[in-house]
Amino acid sequence: MTGKWLQRMLPATVVLTLVVASLAGCSQADSSSDEGGEETAKEPYTIGAVLSLSGTYAGLGEPEKNTIEMELERINEDGGVNGHPVKVVIEDDATDPAKAQAATVRLIEQVDVLAIIGATGTGQTMGMRGDIDRAGIPQVSVAGGTVVTAQFDPLVFQTPWSNSLVVPFTLSRLRDAGITKIALMYDTGGFGADGGDVVKATVGEYGISVVAEQTFNPGDTDMTAQLTMVKGSDAEAVVLWNAGKESAIVAKNMQQLSMMLPLYGCHGNARAEFAEGAGDAAEGFRFAAGKILLPETYGTDSMSYRVATDFVERYTERYGKAPDTFAGHAYDALYLIVEAMRRLPEGFTTAELRDEIERTDDFVGIGGIFTFTESDHNGMSEDDLVMYRIQDGAWVLDTP
Amino acid sequence: MRWTRRRLGITLLGVMGIAIAAVPFLTDDRYLLKVLTFVGVNAIVVAGLALLFGYAGQISLGHAAFFGLGAYMSAYLTTTHQTPWLLAVLAGTGIAAAGGLLLALPSLRLKGHYLAMATLGFNEIMSVLFVELRGITGGNNGLSGIPFPSIGSFVIDTPAGIYLLVWGVAALAFLGAANLVRTRPGRAMRALHGSELGAVASGVDTTRLKVQVFALSAALAGLAGALYAHAVGFISPTQFSLEFSILLVAMVVVGGTGSLVGPFFAAVVLTLLQYVHALIPGLGNDVASVIQDWEVDISGMVMILTVIFLPGGFAALVRRKRIGVAVDGETV
Amino acid sequence: MRLLAVCDLSKRFGGLAAVDGVSFDVHEGTIKAVIGPNGAGKSTLFNLITGFDRPDVGSVDLLGCNIVGMNPHKVVRAGISRTFQNTQLFEELTALDNVLVGMHTQLRTGFLGGALRLPWTLTEERRARERASYLLRLVGVEQYVMTPAADIPHGMRRLLEIARALAAAPRLLLLDEPAAGLNNRETQSLARTLYRIRDEGVTIVVVEHDMGLVMEVSEEIVVLDRGRKIAEGPPLLIQKDAAVIEAYLGEEGEYV
Amino acid sequence: MDSAALLQFAIAGLKNGAIYALVALGFTLVFGSTGIINFAQGEFFMLGGMLAVFFVRLGLPLPIAVIAGVLATAGIGLAFERLALRPRRDSGPLVLIIITIGGSMVMKSLSRHVFGGSELSLPAFSEGPSIVVAGAAIERQAFWVWGLTIIAVVGLTWLYSKTKFGRSMRACSLSHEASRLMGIDTARIVMVSFGLAAVLGGIAGVVVAPLTQTSFDVGARIGVKGFAAAILGGLGNPIAAVVGGLTLGLVESMSIAFISSTYKDVIALVLLLLVLFVRPEGILGRATREKV
């Protein structure tokens, strides 16, 4: 009896010990990061953030969280907002709209935040809307879906370049290159399907037609079948809308099939993991994105250049790798709110904060220069985008 | 002795019921009410799944899809066709039941693993359809602006009202399930779990019974999904994934087979685990984020450890003690 | 009156004829035994009659209706109940609940009625419990009413299975080795129970190795050997039948 | 559609199919000796790739890192069996299914904590442009996929039919009780089959990583595909797993060619369900008669 019991207990004890040990290790590692604002005389301004720190978008939420924590320290070291320290309460939505919504309610009810950053994903951002509207609190989303600002809500702002900005930019470059027939490939997840829709809706304006349309699912491991279909069409270029690791597979499969067609990606490919994953298959790959990838594209004497290089330096030093575009979106979201707060007098309301964010004019961020209007809550223009090409494994400016 | 014991059980359940009903009158914390509403929604699904898995011994890895079917049906009807809420919810329940029936008819001839595969495949197929049938589901962007529950001109638009609605339905679901397992169809289910041959020899049409239980549990999942859609106001395909199906099964397993109370408590605990950082006052931010970060690991470990050390789930732990004191075969 | 007519029943598994052209009648209100050495096809015969297996050829008529091809649960409805050589009780259920499951075909409560506890459900439930208690008393396991089947002593389990089979209110009861594992005293009480059941108007066919019991209770005996019927008749004649003795001598140790 | 394109579709299907087959072999192996479906099989696939990348980053040369990745995966498979499954090995299949589901949750989530949330790359085993056969291109890594699949299936068939160990495994699949009575160490058989299944999963994960990159969340999807392939072919024999895998891969690529890329997974799953309903034992499986 005892023997059998012991036999059962032993493995479990080992596992439990391991788990407890790793938990303890983790909590020690984490405890240092949350000691942002120092005690100052004035009461803190609290902002909420709903980010995907686990689930499908965990890889996006992480740099966003890093950025917010890092910038928060700097803001508070500089005296906060008019003497008020700033506090950000970060909630994980686990890439689940229902949890994003619950987190929003908690931030509003229990934490009493003045504004909310997030969510990381489009679905989560949309899931939050009902409670945002009810509470009348401004939200600055870091999700890229067109629907976030296209389905307009006066309370909701968006920092990433939405597809309705990037698609026309990309198509105009295609037109300039004399391309009239494209093959369109996108993933069936939120980002790809959204981009695919916008491409299909706008190609006509650029005298381009989609002669082949192929989709793949997030997580697919091979696109040669889809590309063989593309190969059989008379497309002059391939336009790929995807933000995941499938992009690298498409590039590699095209190389394998000896397809010489130019391949155009999108801002979703502005990640080091893509260039690394695709290896030399990525050579000549073009994609439109903001200027942060090569800060000199801002113009070395510009304000944007200084802001961006400063951010890249500090981020790289602190986290050991260069920030990606998602980090930039979080940076912009945080500062759009903080700058608006700085412009407001003591005792402002959330409605006044919303109005002030909307009055943002020529804010120099990482994603670009933001100017919101009553009908445009994305705030950037095609001037904030440049076309990159991958050359020798690195990003270079693709001049037309 | 037996009577007092049973009375004690009923009294405890009554007290619990009153406590649950009293929550919205004691607090106006919208967050707490919202989270507890999610608990109630999951509890409704678990009531059906406990019958299916815990009593009839049939596994399903596709209940998130039925949940989604109910949610989308009701949401679509109310947003696009202005169907009255009650009708839409019934339609959501109905389509989930019909889906369950359609899947069950061929699948339930299959045994354990094959049934797991068939239901899992169904969940994957529905996940694709939820994304691709954009005209109905809104695709990846989801369906937003789902109206609050209403009957005629009476609209339930407060968190407290929705909480009471969901928990009212959950209470009915559990009451019904508890009644069911103590009468003819429920006994037949338990018999099926014990010895399929014996059940057949007792004149139980086992295939028909399995199909019925499966459809019933699918209907409950659909009902929960429909309620959820109107409670949340927004639904999108990621919510009805295989992971959710697995989490639901985990609730029943951890709670215990052949019990309703066990899975109920497991549903409460495993749902709250996802929000625990916000519910325990005074919990440090760092501890909270660790718990959030490690939630999946914790659920997985709890599942494994429960199955290893408490084969019948937590319900068996309680029951074992009870049998030690008085012989009372009835399980509530 | 002829209750059951088995006619030319055959079943092969692979190359082996498990049951081969067996025919016999069972008359209402009698107890009939089926005996034979191990592997003679007795259990297969039961499976063929009760629909658990499908015969290759032959017919089984219950009161003139062919029941071959019926699903086993329909056979129960038609009026034939059975027990198993390896008892198939519901181990976690109490004795009472086991018998109540046996009453499945006799009750009508469906999902809706069960979940809502409609008034007539309660009435039916109360009557069912009374009937179940009566059946438990009839077979003599009333002291275990509330005990889970798993905790009931071996001999009593066989009786409980009989009570469960009786709960379906069968016209014909098929018992597969009811005395296996019982001691002398228990076997004696089993014999009395079988008489009581017959006196309630239930016809019985029993497969049994315990020749004492067989000779005592049965009015007629069918002897199978390697799937074939080699003899049929009253006990006294069977005991003297040359073919039967031959068949049993092939198998050591069993007395006739 | 010209023949070169058709051949290209077939190659794509056979390449993906071979990957599914490798994972399906793992399912078959564990099912063969324990009668359970190991829902953590997809996580072995994930671990193989992740661990190989981990060892490359430690500075080990690629071949050694790959082997180390597979062996480490095997170690995890053995540990999982020993710690989580053995204590309840006499329980019904549902209980064991649940344990493997729990195990897959823990493995996936733990590897996110250890290796991070973003995708990782592994270099190709052999460098060079793809090889063109009759107008259809085949990348070099695909030959590794096929080669390893063939080795795996030949090896397993040999193991099953020619060795004492393999015969013991088959005996185990029929009845643990009887095997134990015959003096077979069933515990060891079960543990070894888990180790081998982890090796197969690890190999699949490692050989695919250069093609697709890998990340902590790739297990579930490939697990579903491998499970489907195993069921499609017929659980319990290696050839059937390969037939199932290749069929699944071909159905997917032909769906893209002739129907729609969006619905390729749906088509494959519907086909699987149909096979399941019409012929539950799979394409090559043997029907088992239930004993009363």
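Predicted model, so just to flag it, every value in this text is computed and none were measured.
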### Query
Which atoms of D:Leu211 come close to chain A, meaning under 4.5 Å heavy atom to heavy atom: side chain ones, backbone ones, both, or neither?
backbone
### Query
Relative to chain A, which segment of D:Ile222 carries a heavy atom at a distance below 4.5 Å: side chain, backbone, both, or neither?
neither
### Summary
With chain D, the option among A:Lys231, A:Lys245, A:Glu276, A:Glu62 that has the most non-hydrogen atom pairs under 4.5 Å is A:Lys245
### Query
Which one, A:Thr224, A:Leu60, A:Ile249, A:Leu227, leads in non-hydrogen pairs under 4.5 Å with chain D?
A:Ile249
### Query
What is the minimum heavy-atom distance between A:Lys252 and A:Gly277, and which atoms define it?
NZ-O, 3.3 Å
#### Entry: D:Gln213 side-chain N/O to A:Ala248 backbone N/O, donor-acceptor pair under 3.5 Å
no
### Task
Flag the one option from A:Asn253, A:Asp220, A:Thr188 with the top tally of heavy-atom pairs under 4.5 Å to chain D.
A:Asp220
### Query
Which answer fits D:Pro123, side chain, backbone, both or neither, if we ask what part of it has an atom under 4.5 Å from a heavy atom of chain A?
neither
### Task
Using modelled atom types only, decide if a donor and an acceptor are shared between the side chain of D:Ser215 and the backbone of D:Glu119 within a distance under 3.5 Å.
no
### Task
Give a yes or no on whether a salt bridge exists between D:Lys225 and D:Asp265, defined as a side-chain N under 4.0 angstrom from a carboxylate O.
yes
#### Entry: Check: A:Phe285 ring centroid to A:Phe274 ring centroid under 6.0 Å
yes
### Query
Does A:Asp92 reach the main-chain N or O of A:Leu53 with its side chain, forming a donor-acceptor pair under 3.5 Å?
yes
#### Entry: Closest-packed option against chain A by number of heavy-atom pairs under 4.5 Å, given D:Met254, D:Lys264, D:Arg221
D:Arg221
### Query
Would you say the side-chain atoms of D:Thr100 pair up with the backbone N or O of D:Asn38, donor to acceptor, closer than 3.5 Å?
no
### Task
Please look at A:Pro218 and chain D and tell me whether the side chain, the backbone, both or neither of the residue comes under 4.5 angstrom of a heavy atom of that chain.
backbone
### Query
Does any heavy atom of chain A fall under 4.5 Å from the side chain of D:Arg140, the backbone, both, or neither of them?
neither
